[in-house]
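Structure first, commentary second.
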2 protein chains.
Amino acid sequence: MTLTSTPTRRERQRAATVEEIKEVARGLMRHQGITDVRFTDIAKEMGMTAPALYRYYADRDALLTDLIADGYRDLGRVVAEAREQVDADNVAARWIAAGRAYRDWARREPAQFALILGMPVPGYVAPEEGPTTDAAKDAMSQLSALFIRAAELGDLKAPLVTDVSDAMAACAAEKHPELSGLVPPASFQAMITAWATLHGATCLDAYGQFDWLGDEARDQLFEATLRTAALAAGFPIE
Amino acid sequence: MTLTSTPTRRERQRAATVEEIKEVARGLMRHQGITDVRFTDIAKEMGMTAPALYRYYADRDALLTDLIADGYRDLGRVVAEAREQVDADNVAARWIAAGRAYRDWARREPAQFALILGMPVPGYVAPEEGPTTDAAKDAMSQLSALFIRAAELGDLKAPLVTDVSDAMAACAAEKHPELSGLVPPASFQAMITAWATLHGATCLDAYGQFDWLGDEARDQLFEATLRTAALAAGFPIE
DNA sequence: CGTGTTCGTTATGCATCATCACGATTTCGA
DNA sequence: TCGAAATCGTGATGATGCATAACGAACACG
């Protein structure tokens with residue numbers, strides 16, 4: 001897209017400013033929540049005035065949209081990196097590593113997590129083909145890659161629930177053709193359930209619903225939940 | 001608290017107005033999201049002016065707090081009612097009914113669901129011992145009641161994951177003494193995992209992450225997820 | 001029928017979002 | 001090197017929403 005051969009001085013400066021704006025916005029988000037990201041505060045923190053920010057973003061929603069896209073990329077990157085640090089043939093360990101990264105990121109950046117996977121923010125328009133859909137697909141694809149690998153290794157057992165409706169099987173075949181043949185419909189269904197379990201545990205954890213457990217018990221509960229999700233999906237754990 | 005023997009005309013009128021305010025606010029929330037609940041809009045919808053609302057709520061946060069409490073109560077009521085409509089000894093059917101009600105409510109009122117179980121709203125203070133904690137405990141107690149009944153019936157099998165850390169077991173014994181003796185620590189841990197699965201599936205569903213499946217496949221996916229959660233927890237299904 | 005409470009309105013102050021017009025700095029071609 | 005043009009930041013301005021204050025109308029009650 002952009003030719004890196006011509007990073008004009010001005011362009012570099014501008015990019016740096018944009019980065020700083022987003023970084024400051026993320027910082028404010030951590031302490032004040034999503035909706036209290038004020039241009040005034042961002043500008044003040046940067047030693048500027050509010051109107052200057054409009055040179056970089058059309059309005060508040062444009063900044064939020066950018067932050068959402070960044071959040072998706074960051075979450076995806078963190079999960080992918082965690083996954084890559086484990087032997088490719090040890091799919092169980094890869095699932096655990098990815099799940100941990102998913103939760104750790106959510107705990108580290110609860111505001112961003114809420115921003116990308118929570119209820120759509122105030123009154124902005126859902127950017128149609130926006131990053132939301134793409135990143136969700138991306139998360140799914142990371143999961144499905146794990147299942148494909150497990151199937152190739154012959155380690156994918158039958159999931160806990162094997163009933164699959166015709167509609168569900170049709171969706172699996174149509175929307176995720178890369179799985180057909182290798183991953184049976186029941187495993188596809190179980191894969192989504194595993195994702196739901198991971199996501200639910202992450203949400204409850206990140207939003208403090210497990211705070212009444214100590215740090216230690218909470219961590220171990222999450223590990224047990226990850227193992228449960230894997231076993232229920234017929235995923236090779238131990 | 002309030003003596004129902006003296007519902008003054010004025011008191012009744014006032015209560016009705018409060019109800020109308022909350023109802024209008026909920027209506028606006030459904031279409032404009034949580035944060036865009038403006039006093040101006042509520043008042044306009046009611047044929048009043050904004051300052052009049054301050055006769056009923058100290059500020060915007062007070063209204064939100066009330067709505068959160070109502071949301072918890074409503075969700076709890078709906079789940080309890082669904083559960084009660086099933087034979088008390090058929091714990092599996094009760095779990096399914098409660099899970100369905102949980103999701104249906106979230107799909108019907110995604111904004112309220114986000115309000116009570118999503119990321120804390122803007123910059124308001126989390127009401128310490130507020131309704132949040134109470135209602136979460138209440139939801140848990142509904143779940144644990146199911147597990148206790150299953151244990152009494154002798155139908156509670158070993159969950160998929162039986163490893164329980166000492167810290168987790170200690171928390172279970174300390175925070176939920178009503179379970180000790182009847183429900184083993186591993187089942188307690190599995191119960192929370194089941195809740196996480198239900199909650200995750202509900203979140204993803206309510207926020208549209210499963211829209212690419214049709215209505216039919218989505219419903220059946222959820223049913224399969226409910227069954228998976230139950231089986232993984234050693235809950236008697238079928 | 002008068003008195004006091006309750007309720008709703010208009011008027012006001014304050015903060016934020018967003019735009020505009022202007023000045024200062026930087027970039028780059030002649 | 002110098003001057004035109006683009007870029008960037010500021011102060012001024014208008015619109016909207018939150019919240020308070022002061023005033024007036026309607027109601028309950030003795």
Side-chain angles (χ1 to χ4, degrees), chain A residues 2-3 5-25 27-29 31-68 115 121-125, chain B residues 2-3 5-25 27-29 31-68 115 121-125:
Chain A
T2 50
L3 294 179
S5 56
T6 54
T8 314
R9 172 177 175 77
R10 258 194 181 147
E11 286 176 345
R12 273 183 292 126
Q13 199 111 21
R14 185 178 178 83
T17 305
V18 168
E19 266 322 301
E20 189 184 354
I21 291 173
K22 290 194 289 192
E23 198 49 52
V24 171
L28 291 175
M29 229 167 41
H31 296 93
Q32 302 181 338
I34 302 173
T35 56
D36 269 17
V37 177
R38 288 184 245 293
F39 269 32
T40 310
D41 296 344
I42 299 175
K44 190 173 297 179
E45 184 106 359
M46 295 176 65
M48 302 196 334
T49 55
L53 298 182
Y54 287 86
R55 297 281 179 196
Y56 302 91
Y57 286 102
D59 57 10
R60 202 164 149 279
D61 282 1
L63 172 58
L64 279 183
T65 300
D66 213 1
L67 288 175
I68 292 175
L115 191 64
V121 207
Y124 77 153
V125 288
Chain B
T2 49
L3 295 178
S5 57
T6 55
T8 314
R9 171 179 174 81
R10 256 192 181 146
E11 286 175 348
R12 272 183 291 126
Q13 198 111 20
R14 185 178 178 83
T17 306
V18 168
E19 267 322 301
E20 188 183 353
I21 291 174
K22 291 193 289 191
E23 198 49 53
V24 170
L28 291 175
M29 229 166 41
H31 296 93
Q32 302 180 338
I34 302 173
T35 57
D36 269 17
V37 176
R38 286 184 247 291
F39 269 31
T40 310
D41 296 346
I42 299 176
K44 190 173 296 178
E45 185 105 359
M46 295 176 66
M48 301 197 333
T49 56
L53 297 181
Y54 287 85
R55 296 282 180 196
Y56 301 91
Y57 286 102
D59 56 9
R60 200 165 150 280
D61 282 1
L63 172 58
L64 280 182
T65 299
D66 212 2
L67 288 174
I68 291 175
L115 191 64
V121 207
Y124 78 153
V125 287

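A, B, ... follow the sequence lines: proteins, then strands. Residue 1 opens every chain.
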Starting at [atom1] of [X] and ending at [atom2] of [N], how long is that distance when rounded to a whole Å?
{"X": "Ile42(A)", "N": "dG9(D)", "atom1": "CD1", "atom2": "P", "answer": "14 Å"}
{"X": "Asp36(A)", "N": "dA15(C)", "atom1": "CG", "atom2": "P", "answer": "15 Å"}
{"X": "Arg12(B)", "N": "dT6(C)", "atom1": "CZ", "atom2": "C1'", "answer": "16 Å"}
{"X": "Met46(B)", "N": "dG8(C)", "atom1": "CE", "atom2": "P", "answer": "8 Å"}
{"X": "Lys44(A)", "N": "dG9(D)", "atom1": "NZ", "atom2": "C1'", "answer": "17 Å"}
{"X": "Glu11(A)", "N": "dT7(D)", "atom1": "CD", "atom2": "P", "answer": "10 Å"}
{"X": "Tyr57(B)", "N": "dC7(C)", "atom1": "OH", "atom2": "C1'", "answer": "16 Å"}
{"X": "Gln13(A)", "N": "dA6(D)", "atom1": "CD", "atom2": "C1'", "answer": "15 Å"}

When we call it a touch if two heavy atoms are under 4.0 Å apart, what does Thr40(B) touch: a base, just sugar-phosphate, or nothing?
sugar-phosphate

For Tyr56(B), answer base if it contacts any base atom (sugar-phosphate contacts may also be present), sugar-phosphate if it contacts only those atoms, and nothing otherwise; contact means non-hydrogen atoms under 4.0 Å.
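Sugar-phosphate, no base atom in range.
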
When you check the phosphate oxygens OP1 and OP2 of [N], does a side-chain N or O of [X] lie under 4.0 Å from one of them?
{"X": "Thr49(B)", "N": "dG8(C)", "value": "no"}
{"X": "Thr17(B)", "N": "dC7(C)", "value": "no"}
{"X": "Arg14(A)", "N": "dC8(D)", "value": "yes"}

Would the Tyr57(B) and Phe39(B) ring centres measure less than 6.0 Å apart?
no

Rounded to the nearest 0.5 Å, how far does [atom2] of [Y] lie from [atom1] of [X]?
{"X": "Leu53(A)", "Y": "Ile21(A)", "atom1": "CG", "atom2": "CD1", "result": "5.0 Å"}
{"X": "Thr17(B)", "Y": "Met46(B)", "atom1": "OG1", "atom2": "CE", "result": "6.0 Å"}
{"X": "Met48(B)", "Y": "Arg55(B)", "atom1": "CE", "atom2": "CZ", "result": "11.0 Å"}

Under 4.0 Å protein heavy-atom contacts per nucleotide of nucleotides 19-30 of chain D, with B for base, S for backbone only and - for none
BB-----BBS--

Where is the tightest heavy-atom contact between Val18(B) and Tyr56(B), given as atom of each residue plus distance?
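Of all heavy-atom pairs spanning Val18(B) and Tyr56(B), the closest is CG2-CD2, 3.8 Å.
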
Whether Glu19(A) and Lys22(A) form a salt bridge (side-chain N of Lys/Arg under 4.0 Å from carboxylate O of Asp/Glu) is what I want to check.
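So Lys22(A) pairs with Glu19(A) through a salt bridge.
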
Side chain to side chain, Ile42(B) and Val37(B), heavy atoms closer than 4.5 Å:
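The answer is yes; the side chains approach within 4.5 Å.
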
Which nucleotide in dT10(C), dG9(D), dC17(C) has an atom nearest any side-chain atom of Arg38(A):
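Output: dC17(C).
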
Which comes earlier along DNA chain C counting from the 5' end, the contact point of Met48(B) or that of Val37(A), where each point is its nearest nucleotide?
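Final value for this comparison: Met48(B).
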
